[in-house]
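Below is one structure; the comments refer to it alone.
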Number of protein chains: 2
Amino acid sequence: MSEARSSQPARLGVHFLIAQIGAHAAAKFAERLETLHLTPPQGGILGMINRKDGLSQQTLADLLGMFPSRLVLMLDELQASGLIERRTHTTDRRTYALHLTANGKKALQAIGRIARQHEEAVCAALNENERQILASLLSRIAEEQQLRPGVHPGYRRLEKRGEGQ
Amino acid sequence: MSEARSSQPARLGVHFLIAQIGAHAAAKFAERLETLHLTPPQGGILGMINRKDGLSQQTLADLLGMFPSRLVLMLDELQASGLIERRTHTTDRRTYALHLTANGKKALQAIGRIARQHEEAVCAALNENERQILASLLSRIAEEQQLRPGVHPGYRRLEKRGEGQ
DNA sequence: TATTGTTATACTCTATAACTATA
DNA sequence: TATAGTTATAGAGTATAACAATA
């Protein structure tokens, strides 16, 4: 709140606006996904398996930056829901090869439709030209901050967890 | 991941970029605050008490959208650290009036300095003109989405907690 | 001996509800 | 009886470490 004088609006920093809107957008997106009985992390896992078909749990955990032990439980759920399958590896019997099922691919398409609705809602204040400018500026920040494209830091383990302010 | 064809970069939506960068920025800001032995929610509480000097715990909880029971423990810590004080209300002996101590005001100034450093780091990819454009676009989204200026949704209780995707 | 996946445990965070003291 | 603040409890989420099977 640095710039706050005494009790007025105060010019808010970009970092705060991004954190604020980002948390809001993530929460709203989670609400939308509930209609599919899915959580955002589950959606991210489906997307990653789609992109790297047949990858192992270890590789998936590395790509998303999450602990393998956490991944096991989430994959159990997705498997029980019939969205993914664990195929036994041909040569190495320790590892599984992860794949989307037909229903998993359908779910991913449904997530895509929801994401487009969500994008429209979040950007309602801006016209098409402004949205492109915004996407361009944000992409440059994401690149400079070395964020992995398409990977949300929410998976990551960070020393202390903090949101707010 | 909607727009992902098969295995390539794919154009990322604004909503995702904001959520991704926002989570990253919030985590990094939390790291910076650790040097002051403070968490982001604590910083937000200090800022709000500064803006609404003498407010009650109930009012503060309402403003931040957090449960009063959660607030009690955080205020206990801030009081133990000597950053705030609970003065007894003159007429109503049930309520406390919350104030910053001298050390609390110093801490708030230190937070301001850290926030400016953080702003510089987050926006490193952009020049001054671009930062103003970005701030303007984000402010319009925040307003249209009816986010309270200066209040991070991280305080709020939402049905299900979700990040990721 | 190292690696993949799993299970078990412990810890943190926070919502809920019960409680007290004032009004 | 209603309200401000507090305390207590229970539940969710997740990091850590120990473990079994395989290489």
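Every value quoted in this text rests on a predicted model; they were computed, and no experiment measured them. Sequence lines set the chain letters: A, B, ... in the order given, protein chains first and strands last, and positions in each chain run from 1. No hydrogens, no waters, no symmetry mates; every other heavy atom, side chains included, goes into these values.
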| message | If you apply the rule salt bridge (charged side-chain N to carboxylate O under 4.0 Å, His left out), what do you find for A/Glu143 with A/Arg148, and how did you get there? | response | CA-CA 8 Å; A/Glu143 187 178 14; A/Arg148 261 189 273 194; over 6 Å; no

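- Checked against the 6.0 Å centroid threshold, A/His15 and B/Phe29 count as a close aromatic pair.
- Crowding of A/Gln146 atom CD: a count of heavy atoms from other residues, nucleotides or ligands under 6.0 Å not exceeding 12.
- Taking atom CZ on A/Arg70 and atom P on D/dT14, their separation rounds to 4 Å, with Å as the unit.
- When the nearest nucleotides of DNA chain C are assigned to B/Arg94 and A/Gln58 by heavy-atom distance, the more 5′-ward of the two goes with A/Gln58.
- Residues B/Glu34 and B/Arg32 are not paired through a salt bridge, judged by the lack of any N-O separation under 4.0 Å between the basic side chain and the carboxylate.
- B/Met66 has its CE atom 13 Å from the P atom of D/dT6, to the nearest Å.
- Taking every heavy atom of residues 71-93 of chain A and every atom of DNA chain C, pairs under 4.0 Å involve A/Val72, A/Arg86, by number.
- Residue A/Phe67 contributes atom CZ, which lies 15 Å from atom C1' of C/dA10 at whole-angstrom precision.
- Within 4.0 Å (heavy atoms only), A/Ser69 reaches at least one base atom of the nucleic acid.
- When all heavy atoms of A/Leu71 and A/Ala61 are compared, the closest pair comes out as CD2-N, 3.7 Å.
- Across every non-hydrogen atom of A/Gln57 and A/Tyr96, the tightest pair is OE1-CD1, 3.7 Å.
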